[in-house]
Each structure stands twice: as C-alpha cells, then as structure tokens.
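Working notes, beginning with the structure itself.
All of these numbers come straight from a predicted model, not from anything done at the bench. Each chain gets a letter, A, B and so on, in the order its sequence line appears, and its residues count up from 1.
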There are 2 protein chains.
Amino acid sequence: MPTNKKKTQVTASPERRRELLATAAEVFAAHGYNATTVRKIADEAGLLAGSLYYHFDSKESMLDEILSTFLDELWEGYDAVLAAGLGPRETIEALVTESFREIDRHRAAVAIYQKESKHLVALPRFQYLADSQQKFEKAWLGTLERGVAAHAFRADLDIRLTYRFVRDTVWVAASWYRPGGGHSPEEIARQYLSMVLDGIAVRT
Amino acid sequence: MPTNKKKTQVTASPERRRELLATAAEVFAAHGYNATTVRKIADEAGLLAGSLYYHFDSKESMLDEILSTFLDELWEGYDAVLAAGLGPRETIEALVTESFREIDRHRAAVAIYQKESKHLVALPRFQYLADSQQKFEKAWLGTLERGVAAHAFRADLDIRLTYRFVRDTVWVAASWYRPGGGHSPEEIARQYLSMVLDGIAVRT
DNA sequence: ATCCTTCCCTAACAAGTGTTTGGTAGGTTA
DNA sequence: TAACCTACCAAACACTTGTTAGGGAAGGAT
C-alpha cells in the first residue's frame, strides 16, 4: 500500500497523464511489458515516441504508476472490507466480490500485474509489490484460518493450497473478462463463490 | 495436436538439442520470452549466442519446439483419458490429475504457454495453439455438459464460467508449483478436485 | 507586441537485439 | 596421412531499443 512518490519534472495536466497511462496499460496488457515498445504506445496514443518523455521520465515509470495506482485503489476496497468485522465466510464473499469489481475497473492493470509482478518483485523500485503480496496473503490466509476455526470451512483441506487456488482463480479472470460482456462483476463473483464454497457436484 | 515439422538444416544429435531446449525453456519461463535474449540462453547453457544457431534456426523455433512437444505429450495423455469411456465426474477427475502430472513434467513449458500463448495464437506459425485450445475447450466443456445432463454436476451454474474457472485454476498452478516440493501432482489434484467438486464450505 | 508555458516534433544517440559468415579444434572414418 | 564431420567460437551485420537535446507552434497572460 505505501507506493511510490510520483516525481515528474513537469507541470503537466494530470488529465493527459491519465489518458496516456490508460493507453499504455492497454498495450502493456495486450503484448506484455517487454514486448511493448515505447513507439507502439506513442503510436496508439497519437504522438511520437519522444513526446512521451515530456509526461513520464521512463517506460518503467509508466509501468510503476499503472501498478501503484491500481494497488492503491485495490487496498482502499480491501481495507474497508477487512475493517467491517464480518464473519469469515462473509469476508471471503466480500473480498471476492471486491476483487471482481477491481478487475472490472482495472482490467489492464490486473492483467499486467498478473504477467509481470513475478519478475518485478525483485526490483527495488517495485518493493511495494512484495509488500502488497504479503499483506494480501495475510488477509486471505487469515480469513481462511478463521473460517476453519469457526467450522465455517472444511478442516481437511491444505489451507495454503486452498489459498493459492482461490487467489489465482480470482485474478486470472482478468485475462478473459471484458467489461460489458454479459456478466457483471457481481454476477461473476456470485457464480465463483457458489462454486468455491459449495462445489460443482450435485449434493447427494 | 498436429504440430510443426521440425526441419533443422543440421545433422545434430537430438540429445544436445533436448539439453539446450530444456535450459531455454527454463529461461523463457523465468523471464518471459521477449525479455529473454538469445545470449542469456547461451550463457546459461555454457556456449556463445551464435552457436545456438547450429542447433536451431531461430529463437522463435526454440519456443515453437518447446511448446509443440509439450502439447504433443499433453494430448497423448488427454486422448487416453477421453477414450476411456468414463463417466463425467470420473473424466473430470482424470483430466485434472493428468493436467497436474503434465505440470510436474513440463513445468517450464506450461509456464511459457500460460504467459505467451495469448499473443502467439495470432501468428500463423503457432496455429496449432489455437487448434489445441479449441480441442481443449471441447473436451472440458463437453464433459461438464455431460455431467449436468447426468445430474452429476449442478445445473444452476453458468457452464462457460465454470469451464474457465476450472481450466485456469488448474494451469496457473504452474506458476507456483515446484517439483519435489512437498506435494505430489496427485496430492494436489486430489485437494483441488475436492475443493472444486464439493466446495470449501462445511456442509450444513 | 512580448513573454511564458504547455505540449509536441525532429533527429539523433548508444546500447542491445537476433542472426550470419567464416573459421577451427578435435574426434571419426578412409 | 588425409579427408570429413560435429560442435563450437570470433566477429561482425543490420536493425530495434529506450532515451535525450533542441526547437517550435499555439495560446494565455502581461
């Protein structure tokens, strides 16, 4: 959650920044960060490569700003859920629903995060990714443990495995989810929760 | 399943090829295909960049060979399962178990497939990726539908959403799975199936 | 009219990219 | 010994990469 200070040596309007970051995020998500040239971003945005450096001081800083603003918003939602004092099952439900809402709002950023965070975590500049991941694990794993203790969740499952499955399946949805594509985030969350909580098999 | 013909203008020993492909796959999986330079692969393998071109005719052809051999082996296993004439639930169980076995055997290739297949599908050279995905969807979706018809699986879930969830959750495991890390593929499959089929909530 | 700020362009840079060409050490075969 | 093959190296190639420097057009403020 404590992300980076955004020092840009420029007077620029924040509106234009957001526009450019949005198209950059789109391209990053579509082709991957490394495969994305700064010229391709500029092309998509309708200006020349060098002109991007009026708004940002490097390609990496664009990525940085995309990811950090996404994580800031994500934790705003998560913290609200965690502070609500819900029971374990209700907390899981709220976290999942909130996650799908974030995917809806930051589809590109989530896709980038999914693909690149594994390498970026090593870089000092992206330290906040490691922090976020740790906080993330603590929240989810803690809730699952609380649920097992309260006999809301089964005790015979490996809790770390369960955590990984739940976590990954939520976020990979960003790779196929398209806003306005028939399913609302809440609808997807409902279906997903129904499957994870109750299973897909018919109860006998 | 019908993959590429492997024309390499060289008399080379297939043993050395497999060695080099294995290290290339490792590097691709760790840093991503585009971020991986051919010099880094050569470095890791203990030779110079140009020497790789004695064994392969391009960086892309290495990727091609890695993915196609993986998919060939995968479909060998899948086809055997699908031809066994099992019931829907047993088919799902067998497919999931087989998938985790493939992740165990081809961890690097699966990780690469996960990250890169989305872009590669567009390239004519990797047409077989699209074919495989279609066949994959047909097998899984068909089995799920069969299960719903036979009252083995719940009828109130969106079957396409369920398919995506199940599919993704299986394969993302490649991002954290490490062979010889406490959990065998069969153990992971068992836990995963228990969760997906019966849910994590306590039955009331 | 002058100045200043904002936003972009032109043109180039140094480094790194995948790939090719020609050569060569060392073992195998004739 | 001579010819040959395998597997590599050394050095360069053409191109792409992220980034920078200097300039200029448009418009508001003075």
Side-chain angles (χ1 to χ4, degrees), chain A residues 4 6-28 30-67 112 116 119-120 123-126, chain B residues 4 6-28 30-67 112 116 119-120 123-126:
Chain A
N4 281 6
K6 288 145 198 173
K7 50 129 195 184
T8 340
Q9 75 292 20
V10 131
T11 9
S13 90
E15 195 180 342
R16 183 65 172 144
R17 279 181 77 85
R18 269 195 302 267
E19 274 183 38
L20 295 174
L21 279 180
T23 76
E26 245 16 271
V27 186
F28 284 155
H31 308 296
Y33 174 73
N34 282 286
T36 298
T37 78
V38 74
R39 283 169 235 269
K40 210 184 299 179
I41 300 175
D43 239 47
E44 211 78 23
L47 42 73
L48 290 189
S51 308
L52 285 173
Y53 288 80
Y54 171 74
H55 300 274
F56 312 96
D57 37 47
S58 73
K59 179 187 173 189
E60 197 181 76
S61 82
M62 298 189 215
L63 179 63
D64 191 353
E65 195 164 335
I66 290 169
L67 291 179
I112 297 168
E116 317 288 348
H119 335 130
L120 297 176
L123 307 179
R125 171 169 203 168
F126 293 91
Chain B
N4 282 6
K6 288 147 197 171
K7 51 130 195 183
T8 342
Q9 74 292 19
V10 132
T11 7
S13 91
E15 194 180 343
R16 184 61 172 146
R17 278 181 79 83
R18 269 195 301 269
E19 274 183 38
L20 295 173
L21 278 180
T23 75
E26 236 30 82
V27 185
F28 283 154
H31 308 297
Y33 173 73
N34 282 286
T36 298
T37 78
V38 71
R39 282 168 236 271
K40 212 183 298 180
I41 300 174
D43 240 46
E44 212 77 23
L47 42 73
L48 290 190
S51 308
L52 285 174
Y53 288 79
Y54 171 74
H55 299 274
F56 312 96
D57 37 48
S58 73
K59 179 187 173 190
E60 199 183 74
S61 82
M62 299 188 213
L63 179 64
D64 191 352
E65 194 164 337
I66 290 169
L67 291 179
I112 298 168
E116 318 287 350
H119 336 131
L120 298 177
L123 307 179
R125 172 169 203 170
F126 293 91

Chi angles and distances behind the side chain to side chain contact (heavy atoms under 4.5 Å, CB included) call for A:D64, A:E60: CA-CA 6 Å; A:D64 191 353; A:E60 197 181 76; 5.7 Å; no
[N] [atom2] sits how many Å from [X] [atom1], rounded?
X	N	atom1	atom2	answer
A:L52	C:dC8	CG	C1'	11 Å
A:L20	C:dT6	CG	P	16 Å
B:R16	D:dT6	CZ	P	16 Å
B:R17	D:dC8	CZ	P	13 Å
A:L63	D:dG18	CG	C1'	14 Å
A:F56	C:dC8	CZ	P	11 Å
A:L48	D:dG22	CG	P	19 Å
A:D57	D:dA21	CG	P	13 Å

Under 4.0 Å from OP1 or OP2 of D:dA7: is there any side-chain N or O of B:S51 that close? no
Within the pair B:Y53 and C:dT20, is there a side-chain N or O less than 4.0 Å away from OP1 or OP2? no
If we ignore hydrogens and angles and just use 3.5 Å, is the side chain of B:E116 paired with the main-chain N or O of B:Y33 as donor and acceptor? yes
One pair to check against side chain to side chain contact (heavy atoms under 4.5 Å, CB included): B:M62 and B:L52. What are the steps and the verdict? CA-CA 10 Å; B:M62 299 188 213; B:L52 285 174; 4.0 Å; yes
Quick one, A:E26 with A:E44, criterion side chain to side chain contact (heavy atoms under 4.5 Å, CB included). Give me CA distance, side-chain angles, the key distance, then yes/no. CA-CA 10 Å; A:E26 245 16 271; A:E44 211 78 23; over 6 Å; no
From the options [options], select the nucleotide whose nearest atom is closest to the side chain of [X].
X	options	answer
A:Y54	C:dT6, D:dG18, C:dG18	C:dT6
B:T37	D:dC9, D:dG18, C:dT17	C:dT17
B:H55	D:dA7, D:dT19, C:dT19	D:dA7

Give one of base, sugar-phosphate or nothing for B:L47, where a contact means two heavy atoms less than 4.0 Å apart. sugar-phosphate
Looking for any heavy atom pair under 4.0 Å, which part of the strands does B:T36 touch: base, sugar-phosphate only, or nothing? sugar-phosphate
Is there, by distance only and without an angle test, a donor paired with an acceptor across the side chain of B:R39 and the base of C:dG18 below 3.5 Å? yes
Please determine whether a side-chain nitrogen of the Lys or Arg among A:E15 and A:R18 lies less than 4.0 Å from a carboxylate oxygen of the Asp or Glu. no
